[in-house]
Each structure stands twice: as structure tokens, then as C-alpha cells.
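Structure, as C-alpha cells:
As the structure lists them, so they are numbered: ligands from 1, and atoms in each ligand from 1.
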Amino acid sequence: MRTQIVAGNWKMNCSLDESLHLLNELKLKDFSKSNAEVIIAPPYTNLYPIHQNLKNSSIKISSQNINENESGAFTGEISPKMLKSVGVEYVIIGHSERRAIYNESDALLAKKVTAALKHDLKIMFCVGEVLEQRKAEKHFDVVKEQLEKGLFHISASEMKNVVIAYEPVWAIGTGETASPEQAQEIHEHIRKVLAEKYNQDMANQTSILYGGSVKPNNAKEIFAKKDVDGGLIGGASLDADSFAEIVMSF
Ligand SMILES: O=C(CO)COP(=O)(O)O
């Protein structure tokens, strides 16, 4: 059976105090009632204090980005080794905000994937189309190409450390979600693409998350779809009650 995951991407929100407050609220929730693995991705500055405060908790920590180099003159960047040293287990790679605002190319993302795996970091690799591509019915091709160029240089055994997050850009922070049927259709497509590139077993074992305006009132319906293995949550992950309710949807 595939791992079900609910991950909160806090993006550029929360000072240290706010992060610890949110964390303390989350620690009061009984996530053992859910079948989902819970991951939070706070901003870089708050990773270590959160790690220190998470002792004895099942919540896992992700970073929102990673630099592809080992070390050196890359002012303002954070290396895989640094992330590992502060208790990070997952990294988000290829978020649409990184692709669009920071011009991160497929080729760069491929390097980040290699760097993360080299340091035993697990990956949440994001793909998704913009509205024009959806309207032109190009979303299947767009997502396939993003996977081929950013991810498919790794081996089937390395893929065990990768979770895929499908996030249609038109649904991020807009309040508009893909319908459960739209999500299912493209998740099934992603699984087929994985099976064609690797093998059916590997495709069946890979968790594919949906992201884009997931809220307590729509999570259950989306997560109920056969190929949807969880969610990558933005806005709603900043509120402990909302996030916990989404986690409990499993
Ligand atoms: O980008 C997202 C998670 O990575 C989704 O954000 P929202 O849930 O705010 O739409």
C-alpha cells in the first residue's frame, strides 16, 4: 500500500515565534487517529528550532527548496548537507513559485534532485500546468515533460525516495480547486507515465499528492480518489485546526 501523506507548505510565512506557536498547536492534535504521514515545511530560519521542538513527535520536517551545490561561494543559498544537519527529512523541489518567480528550469531542478538524493533527503517533486495550458488541454503533456526533464534521470530504486505533488498553478492560492475527477484523471496519467518509464510496481508504490486550495471542506472528496495519496497544503496549513482537519480526512 502507498504511503498517504499530508504536507503543509508554510511558504514565506511565520516568524520564529509564530512558527513555534503553530507547532505547539499542531502537537496537541492527535494525528495517530489518521493514516497519513504528516510533514511540515517551515521557512529555512525556523527549521532547526522546530526540529528541536519536535522530539517524540511523528511530524516530519521538509525544506521548501535546496541548492544543488555541495558548498562554496553561493551567497544566500542553503546546501543539502546543511538541511540534513538540522533534521530535515524531505525537500520540496520544483514548486511552481520557484519555477515561475525564480526562473528555476527543468535542468536546474534535475540537479537539485540529484543533490538531495545524494544526501539521503526525500523529495516532494512538484509538477503542474498554468491556466492557459489547461485551457489548451496541454496539461497531460506539460506534466509528462516536467517529469521527464526534472526527475526521470534517476533510477527506479532512487524513485523510492520521491513523492510527486501535482499542483495545477491555477488552483494555488486562488480558492479554485481541481475537481476530484480532474485530480484523479491527471494523477492516473502521472502513474501511467511512471509505469512507462520505470515499471508498474514502482508506479503503484509512488505517492502522488494533490495541491491547490485544499481546505477542510474539500479534502475528503479529493483524497477519496484512487490515485490521490494525499495533499500538499498551502494556506490552510497555517491554521492548526484546518490543517489537522485535512490530516484527519484520511
Ligand atoms: O502551493 C501550494 C502548496 O505547495 C498550495 O497552496 P494553497 O493550498 O494555498 O492553494
Side-chain angles (χ1 to χ4, degrees), residues 4-14 18-19 22 26 36-44 46-47 50 59-66 88-102 104 109 112-113 116 121-131 133-134 139 142-143 146-147 150-151 162-180 182-183 186-187 190 207-223 225 228-250:
Q4 294 169 323
I5 296 173
V6 177
N9 176 7
W10 294 5
K11 306 193 180 183
M12 198 174 75
N13 293 293
C14 297
E18 289 162 348
S19 281
L22 178 52
L26 290 175
E37 180 173 303
V38 179
I39 305 172
I40 52 173
Y44 280 140
N46 304 345
L47 290 170
I50 285 198
I59 300 174
K60 303 203 158 120
I61 308 178
S62 174
S63 68
Q64 301 171 14
N65 185 23
I66 188 172
V88 167
E89 206 170 311
Y90 280 89
V91 297
I92 298 174
I93 296 180
H95 192 280
S96 62
E97 287 149 20
R98 301 290 324 168
R99 291 177 188 264
I101 306 170
Y102 300 100
E104 294 197 354
L109 300 177
K112 292 187 177 210
V113 165
L121 289 157
K122 292 182 193 157
I123 295 168
M124 287 187 268
F125 188 81
C126 303
V127 295
E129 79 285 356
V130 298
L131 188 58
Q133 292 164 331
R134 164 67 62 165
H139 45 294
V142 168
V143 162
Q146 288 171 334
L147 290 170
L151 192 63
V162 177
V163 170
I164 292 170
Y166 168 66
E167 299 203 309
V169 180
W170 47 271
I172 296 178
T174 58
E176 191 167 338
T177 37
S179 67
Q182 284 174 323
I186 195 136
H187 281 227
I190 291 170
S207 301
I208 307 176
L209 315 183
Y210 169 80
S213 297
V214 177
K215 307 285 177 209
N217 63 5
N218 59 23
K220 218 178 193 129
E221 226 190 333
I222 299 172
F223 296 169
K225 290 293 174 191
V228 179
D229 306 308
L232 182 52
I233 322 298
S237 72
L238 297 171
D239 178 80
D241 290 340
S242 297
F243 187 62
E245 223 180 299
I246 295 171
V247 173
M248 300 302 174
S249 304
F250 274 115

Ignoring hydrogens and angles, tell me if any N or O in the side chain of [X] forms a donor-acceptor pair with the backbone of [Y] under 3.5 Å.
X	Y	result
N46	C14	yes
S213	A171	yes
Q64	K11	yes
S62	Y90	yes

Show me the short polar-atom pairs for ligand 1: any N or O of it lying under 3.5 Å from a protein N or O, with distances only.
from     : atom 1 : to   : atom 2 : distance (Å)
ligand 1 : 1 (O)  : K11  : NZ     : 2.8
ligand 1 : 1 (O)  : H95  : NE2    : 2.8
ligand 1 : 4 (O)  : N9   : ND2    : 3.1
ligand 1 : 4 (O)  : H95  : NE2    : 2.9
ligand 1 : 4 (O)  : E167 : OE1    : 3.2
ligand 1 : 4 (O)  : E167 : OE2    : 2.9
ligand 1 : 6 (O)  : K11  : NZ     : 3.3
ligand 1 : 8 (O)  : S213 : N      : 3.4
ligand 1 : 8 (O)  : G234 : N      : 2.9
ligand 1 : 9 (O)  : G235 : N      : 2.8
ligand 1 : 10 (O) : G173 : N      : 2.6
ligand 1 : 10 (O) : S213 : N      : 2.7

*Among H95, R99, K112, find the residue that satisfies the side chain to side chain donor-acceptor pair (under 3.5 Å) test when tested with E104.*
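The residue from H95, R99, K112 that satisfies side chain to side chain donor-acceptor pair (under 3.5 Å) with E104 turns out to be K112.
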*Once you round to the nearest 0.5 Å, how far does NZ of K60 lie from CD of E37?*
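These two atoms lie 3.5 Å from each other.
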